[in-house]
Amino acid sequence: MFNNRIKIKELLAQEPAGQQVTVMGWVRTFRNNQFIALNDGSTNNNLQVVLELGKFPEELLKRITTSASLRAQGVVEPSLGKGQKMDLKATTIEILGDSDAEKYPLQPKKHSLEFLREKAHLRFRTNTFGAIFRVRHALAFAVHQFFNQKGFIYLHTPIITASDAEGAGEMFKVTTLPMDGTAPKNEEGAVNYKEDFFGRATNLTVSGQLEGELGATAFGEIYTFGPTFRAENSNTARHLAEFWMIEPEMAFCDLEDNMNLAEEFIKYIIGYAMQHNAEDLQFLDQRLAEEEKQLPQDKRSEMGLLDKLKFVVDNQFERITYTAAIDILRESNYNKKKKFQYEITGWGMDLQSEHERYLVEKHFKKPVILSNYPAGIKAFYMRQNEDGKTVAAMDILAPGIGEIVGGSQREERMDRLTTRMKEMNIPEEELWWYLDTRRFGTVPHAGFGLGFERMVQFVTGMNNIRDVIAFPRTPGSAEF
RNA sequence: UCCUCCUUAGCUCAGUUGGUUAGAGCAUCUGACUGUUAAUCAGAGGGUCGUUGGUUCAAGUCCAACAGGGGGAGCCA
């Protein structure tokens, strides 16, 4: 029987008054042959388990090592020491799993994030990663709660897709054909995917959007929240080969409705985490402050983590058009002093991340929603504006992270859509099912994609995306 | 993929213009102490200096390639 245990988070919320309890967890430190700091993952706060001297056999004490797991039973009393309000005076200690102190790689001290990345299977047992993954959970839960409250349907779009027309990047192939050169060939000498498992070439999804639109044009409002894959050789602190994306799609919705929803959504999930994970965020706030002490003054954030989150929740995002952004950039002192590495060449150029960062971090100092981009730098499905030059696209840029949301109103007019597809060499035959939504009861609709890990980065203040996903997949790296 | 930096004990890092037996703190082990807070004190063990090749009388130190990692850029979420 294990279900008679009380979680440490719950116990620490009580007043110590002689309760008889059972706790289970992992040893963080064992001081003085007398004091166990026990952690069970429910909170970063440890329970101090006190062993009366001489009451427990030497052989047992020797087995209480860092990360050993144990069951402790005893009585809860106010602590005599200063660091905690209660002690568990142990009557029985039972080691559930030994941990060889000479071999266990984590010590009760500061480890670098790079080191812990190589110990990703054990890093959950540290304070930093404990806090990160509890916050990640809260954000994921808040995503579902937000959309559920609004009557959105959670649609599971496929992970294996046949379409490679989405243009969102390089894809991972999915096949059961042999890789040793003996795969069946067609007349042209290429691999004959007609003989593959699905009878055609298939890939891992790069986006659930196109399928999401099929759902939105029946249910009205849907969202997806699932794994997404990109086979790009991207080696940065904000890219993964496998990541989680949230993609709402709404019928009867234009660009402005879309921006409103995205802003409300971001504020909601941040607010949820602030409310439900205050201690973890406080810990991460301090961690970030400590880390930034190492940096030169000009590299430090102007606001602490908690202040930043509160600011984002309490203030309107700045909304400007792409065209206005180009003007701001062109007129900026930064540009006049030639501080940009990439020149502001003028309307039509794609913004580089240094330009986005300037707008967000230097000019507006708050999240910015950029909208109505030139058609030439955006995807085929985005709705063409009446000016004949721009499309109803929007990106949300967050301080320190960059693009966190990319979305648009979709082109619902069949003729406009197919003309655009021809221009961009997107084969209509492959997307016949997508085009059917425009054939049968087409409707103005819009949606966006939010990179979940980037959101977790923003809320936890972690600057490497590999530290906010349990087991990161990046080029050359798929351990665990 | 490009640019740049890094790789010395389990971890974090010193190691001088190339020079003889490569150091520290923490961790670990042994002992002492016992209301501790990353406990403290004393002692001990622990290294193919990322790999391969080269220069040199001599390489942790200089050069090259490769591998792994960090930071920045591109692609994007």
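Owing to the predicted nature of the structure, the values given are computational and were not obtained by experimental measurement. Sequence lines set the chain letters: A, B, ... in the order given, protein chains first and strands last, and positions in each chain run from 1.
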For the pair made of [atom1] in [X] and [atom2] in [N], what is the distance, rounded to whole Å?
X	N	atom1	atom2	value
Tyr104(A)	rC26(B)	OH	P	21 Å
Leu240(A)	rC75(B)	CG	C1'	14 Å
His355(A)	rG74(B)	NE2	P	9 Å
Phe35(A)	rA38(B)	CZ	P	13 Å
Ile64(A)	rU28(B)	CD1	C1'	18 Å
Phe340(A)	rA73(B)	CZ	C1'	15 Å
Lys89(A)	rG35(B)	NZ	P	11 Å

At under 4.0 Å between heavy atoms, what does [X] touch on the DNA or RNA strands: base, sugar-phosphate, or nothing?
X	result
Leu80(A)	base
Phe458(A)	nothing
Lys82(A)	base
Ser353(A)	sugar-phosphate
Thr29(A)	sugar-phosphate
Asn464(A)	sugar-phosphate
Gln352(A)	sugar-phosphate
Arg28(A)	nothing

When you compare [N] with [M], how far apart are their [atom1] atoms, in angstrom units rounded to a whole number?
N	M	atom1	answer
rA64(B)	rA59(B)	C1'	15 Å
rG15(B)	rC62(B)	P	12 Å
rC6(B)	rC49(B)	C1'	14 Å
rG18(B)	rG74(B)	C1'	41 Å
rA42(B)	rG47(B)	P	24 Å
rC26(B)	rA38(B)	C1'	9 Å

Does the side chain of [X] get closer than 4.0 angstrom to OP1 or OP2 of [N] through an N or O atom?
X	N	value
Ser112(A)	rU12(B)	yes
Arg238(A)	rA73(B)	yes
Arg466(A)	rG69(B)	no
Thr236(A)	rG72(B)	no

Would you indicate which nucleotide in [options] comes nearest to any side-chain atom of [X]?
X	options	result
Arg230(A)	rG35(B), rG74(B), rC76(B)	rC76(B)
Arg454(A)	rU36(B), rC76(B), rC29(B)	rC76(B)
Gln84(A)	rU1(B), rG70(B), rU37(B)	rU37(B)
Phe243(A)	rA77(B), rC11(B), rC29(B)	rA77(B)

Less than 4.5 Å apart, side chain to side chain, heavy atoms only: is that true for Asn46(A) and Ile8(A)?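 Not in contact.
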Approximate separation, where rounding is to 0.5 Å, of Lys55(A) NZ and Leu61(A) CG: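 Spacing of NZ (Lys55(A)) from CG (Leu61(A)) equals 12.5 Å.
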With a 4.0 Å cut-off, would you call [X] and [Y] a salt bridge?
X	Y	result
Asp254(A)	Arg383(A)	no
Lys150(A)	Glu221(A)	no
Arg136(A)	Glu453(A)	yes

Side chain to side chain contact (heavy atoms under 4.5 Å, CB included) partner of Val27(A), chosen from Thr65(A), Leu70(A), Thr66(A):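 The single option meeting the side chain to side chain contact (heavy atoms under 4.5 Å, CB included) with Val27(A) is Leu70(A).
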Determine which nucleotide pairs with rU7(B), using a 3.5 Å limit on both distances of a Watson-Crick or G-U wobble pair.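 Partner of rU7(B): rA67(B).
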Distance-only donor-acceptor test, [X] side-chain atoms vs [N] base atoms, 3.5 Å:
X	N	answer
His239(A)	rC76(B)	yes
Lys110(A)	rG25(B)	no
Asn235(A)	rU1(B)	yes
Gln107(A)	rG10(B)	yes

